[in-house]
Number of protein chains: 2
Amino acid sequence: MTTIYDLAKKTGISKSTISRVVSGNGYVSEEKRKIILDAMHEMNYIPNQVAKNLRSKRTNTIGFLINDYMPLVGELINSFTQIASKYGYSVNLYFTKNSKKELHTLDLLTSKRLDAVFIALRLNSWDTISSYAKFGPIATWQRVEHPHIYSNYIDHYPIYYKILERLNNEGYDHVGHILSPIRNGNTQARIKAIEDFSQKYPDSIQTFDFYDGQNGVGHDAAEKWLKNSNPPKAMLIFTDYVAADFIATLRRHHVRVPEDCLVIGSDNSEIASLMNFPTIDLCFRNQMHNGFIYLYNQLNDTHLPYEHEEPHFIESY
Amino acid sequence: MTTIYDLAKKTGISKSTISRVVSGNGYVSEEKRKIILDAMHEMNYIPNQVAKNLRSKRTNTIGFLINDYMPLVGELINSFTQIASKYGYSVNLYFTKNSKKELHTLDLLTSKRLDAVFIALRLNSWDTISSYAKFGPIATWQRVEHPHIYSNYIDHYPIYYKILERLNNEGYDHVGHILSPIRNGNTQARIKAIEDFSQKYPDSIQTFDFYDGQNGVGHDAAEKWLKNSNPPKAMLIFTDYVAADFIATLRRHHVRVPEDCLVIGSDNSEIASLMNFPTIDLCFRNQMHNGFIYLYNQLNDTHLPYEHEEPHFIESY
DNA sequence: TTGAAAGCGCTAACAT
DNA sequence: ATGTTAGCGCTTTCAA
């Protein structure tokens, strides 16, 4: 591998001058610049990034942390990576699995391998996590109020409440809810919306369940629906992929969706349009975008503006 | 940030001795080890990875290259990253987009940021790509015969032929094929299977189409099917997500699947089980696994064994 | 405009 | 068993 030292030896010009033309900083005479450029070409010189990283104390790499794979994760990663690469950052994907491994991954911030971190799903307490913020910026789309962690969470309350009203108007007086097993802020917001709605419309029936895990959740919920002698005629489900599973299971048992049971997902992921069921766009693409923008701004002391978007209902077509 | 130098200053022990206890190489007396360990804890010492990388000329990072996002990519990345992390490697995801950017990404091998590279979809010629192999091992699951590139492609011919026979036995005498727009070896293999089959069973009707892009491909194909006055009663589609789109579109037009049209995907991805259609397991999980194993073996001069698995038909349940 | 020299944080050969 | 030293490849003062 050609190094800057090799070029110096070959051209008889000092390392520092060569560094100047490579990086484009500082004055170099046209004459020498040409000699160096030629040598670079001839010797196929590519600067060693790791050496640069050591000097600059940056890797231009951001970690994307998630506990485990779910189908939506592909779409999250996609959005995040695309915007990151636009600004010259690479993305490392980590499946944290358990809280110990998550800490281990956060150590990469400390050990200077990662400039910053986006946490799609956290496993340790935010207090613990935020103690890493002094080593590099941390962003998440989960709902947190913490001085050193950027969160661009979307409040699910308004849109959820709106949909309940809409369903009510359309005559759905019995609605089932499947909520995330992760009792985060958004789950709370949904529960609150259900409670407030129930209070205002005491005649409507709202039932809800939490499900653990992601695999088979939709399936299990569907089984329960099938066994129910008076099942809800509309279901609101916390994520599209679980909704898809739910729908698939009902259809396997010859229940017609949406005629016998209207199913509404959340996320506006690809599967919703593929399977043609209504969903809620909670703007995750936007959240990934803005999460990155925050990290970028912190890292580079810039003020790129955030993009704004409102959650909205997506009808099936 | 605490460095090894800080520890040396604090404990009065030399950097090398400290390095020894940190890395676990070499002899250190119990007495000194304890002092160092205590100091490490107290000062919250985490070794700087970048400095290590510079010294060792390794980053323990592997690049995963794909032209663009498709739903299956999430599942590929997942399999690859999980196995990589088991062996202590991080994975960087790159969307190469165009051939120039792909070359740029391959330069990361040259610039020592990446130890190795897995190419899920290539854009440049294999000849061009293989010229990077001297900087780090390269693996792919695409079909290539190249001395410096590992390929664990799966030959689609036998399984494809077998399924054609099976369909024939079940009375499907008119079968439609949707093939990948990427005219790679596997597409060739499928065409060959269709041709050979047609020759042996001249009465059966086999029609095929190529579709460009991935978005809307299933949709377009379905539109075509709908317009066809005598459409095939069975469809074989080159990837599950396109099959899903195809099915969704047919159903939107009240065509019953599989009763009116049997649709078989390829990949055995999550969506196939979710939407409950038959598919072909072409063992991509296995291919990701073995792709990594190759890279690992090359990098570490080991001989971890590959795992073997045969493509097989997955019935819907 | 250029070069010499120091240093980013770590490891390993060598010497003791 | 431990310390000294050199060096990975690069950038950036500082001095000329």
Side-chain angles (χ1 to χ4, degrees), chain A residues 1-37 39-40 43-61 107-115 135-136, chain B residues 1-40 43-61 88 107-115 135-136:
Chain A
M1 230 212 48
T2 313
T3 73
I4 217 167
Y5 175 79
D6 298 328
L7 289 173
K9 209 165 51 181
K10 164 131 187 167
T11 60
I13 300 173
S14 78
K15 288 193 300 176
S16 13
T17 306
I18 293 173
S19 171
R20 282 182 193 108
V21 355
V22 172
S23 65
N25 299 327
Y27 308 96
V28 177
S29 67
E30 269 318 307
E31 180 196 14
K32 294 214 168 179
R33 177 186 304 277
K34 196 185 166 330
I35 298 175
I36 292 167
L37 249 22
M40 276 169 59
M43 301 183 74
N44 248 310
Y45 171 72
I46 306 271
N48 181 316
Q49 269 300 334
V50 179
K52 281 180 144 166
N53 293 343
L54 178 60
R55 269 241 72 191
S56 66
K57 295 173 183 298
R58 295 178 157 241
T59 55
N60 275 31
T61 304
D107 274 342
L108 298 175
L109 229 38
T110 321
S111 67
K112 296 289 171 196
R113 267 199 60 162
L114 258 26
D115 288 350
F135 301 113
Chain B
M1 232 211 47
T2 314
T3 73
I4 217 167
Y5 175 78
D6 299 328
L7 289 173
K9 208 164 52 182
K10 163 128 187 169
T11 59
I13 300 172
S14 79
K15 288 193 300 175
S16 22
T17 305
I18 293 172
S19 171
R20 283 182 192 108
V21 356
V22 172
S23 66
N25 299 327
Y27 308 96
V28 177
S29 67
E30 268 319 307
E31 180 196 14
K32 297 214 168 182
R33 176 186 304 276
K34 195 184 167 329
I35 298 174
I36 293 168
L37 249 21
D38 287 348
M40 276 168 58
M43 303 182 74
N44 249 310
Y45 172 72
I46 306 271
N48 181 315
Q49 268 300 334
V50 179
K52 280 181 145 166
N53 292 343
L54 179 59
R55 267 243 74 192
S56 65
K57 295 172 184 297
R58 296 178 157 241
T59 55
N60 276 31
T61 304
D107 274 341
L108 298 175
L109 228 39
T110 321
S111 67
K112 296 288 170 197
R113 269 197 60 161
L114 258 26
D115 288 350
F135 301 112

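Computed over heavy atoms, backbone and side chain alike; hydrogens, waters and symmetry mates excluded. Bear in mind the structure is a predicted one, so any value in this text is a computation, not a measurement.
For the pair Asn53(A) CG and dC10(D) C1', the computed distance is 10 Å after rounding to whole Å. For the pair Tyr5(A) OH and dA4(C) C1', the interatomic distance rounds to 14 Å; values are reported in whole Å. In this structure, CG of Asn25(A) is placed 14 Å from C1' of dT13(D), rounded to the nearest angstrom. Distance CD1 (Ile4(B)) to P (dG7(D)): 19 Å, rounded to an integer number of Å. Protein atom NZ of Lys15(B) is 12 Å distant from nucleotide atom P of dA6(D), rounded to whole Å. Between the NZ atom of Lys112(B) and the C1' atom of dC10(C) there is a distance of 18 Å, rounded to whole Å. The distance from atom CZ of Arg58(B) to atom C1' of dT11(C) is 15 Å, rounded to the nearest whole Å. Rounded to whole Å, the distance from CE on Met43(A) to C1' on dG9(D) is 14 Å.
With DNA chain D read from its 5' end, the first of the two nearest nucleotides for Arg55(B) and Thr17(B) is the one closest to Thr17(B). Comparing Ser14(A) and Ser23(B), the nucleotide of DNA chain C nearest to each residue sits closer to the 5' end for Ser14(A). If you find the closest nucleotide of DNA chain C to Ala51(B) and to Arg20(A), the one lying nearer the 5' end belongs to Arg20(A).
Among the nucleotides dA1(D), dG9(C), dG9(D), the one closest to any side-chain atom of Tyr27(B) is dA1(D). Nearest to the side-chain atoms of Lys32(B) among the listed nucleotides dC10(C), dG3(D), dG3(C) stands dG3(D). Candidate nucleotides dT2(C), dG3(D), dC10(D) were compared by shortest atom distance to the side chain of Val28(A), and dT2(C) ranks first. Taking the side chain of Leu54(A) as heavy atoms from C-beta on, and the options dC8(C), dT2(D), dC14(D), the nearest nucleotide is dC8(C).
Heavy atoms only, all atoms of each residue included: Leu109(A) and Gly136(A) are closest at CD2-O, 3.9 Å.
Taking only distance into account, the side chain of Ser29(A) never meets the base of dT2(C) through a donor-acceptor pair shorter than 3.5 Å. A donor and an acceptor atom never sit less than 3.5 Å apart when one is taken from the side chain of Ser19(B) and the other from the base of dA12(C).
Thr3(B) has no side-chain polar atom (N or O) that falls below the 4.0 Å cut-off from OP1 or OP2 of dG9(C). Between Lys57(B) and the phosphate of dG9(D), there is a side-chain N or O to OP1/OP2 separation shorter than 4.0 Å. Between Tyr45(A) and dC10(D) there is a side-chain polar atom (N or O) within less than 4.0 angstrom of OP1 or OP2.
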Q: Check the pair Ile18(A), Tyr5(A) against side-chain contact (heavy atoms from CB on, under 4.5 Å), reporting the backbone distance first and the verdict last.
A: CA-CA 9 Å; Ile18(A) 293 173; Tyr5(A) 175 79; over 6 Å; no
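Between the Asp6(A) side chain and the Thr3(A) main chain, a donor and an acceptor come within less than 3.5 Å of each other.
Counting heavy atoms from C-beta outward, Met40(B) and Val21(B) have side chains that approach closer than 4.5 Å. Side-chain atoms of Ile46(B) and Phe135(A), non-hydrogen and from C-beta on, never get closer than 4.5 Å to each other.
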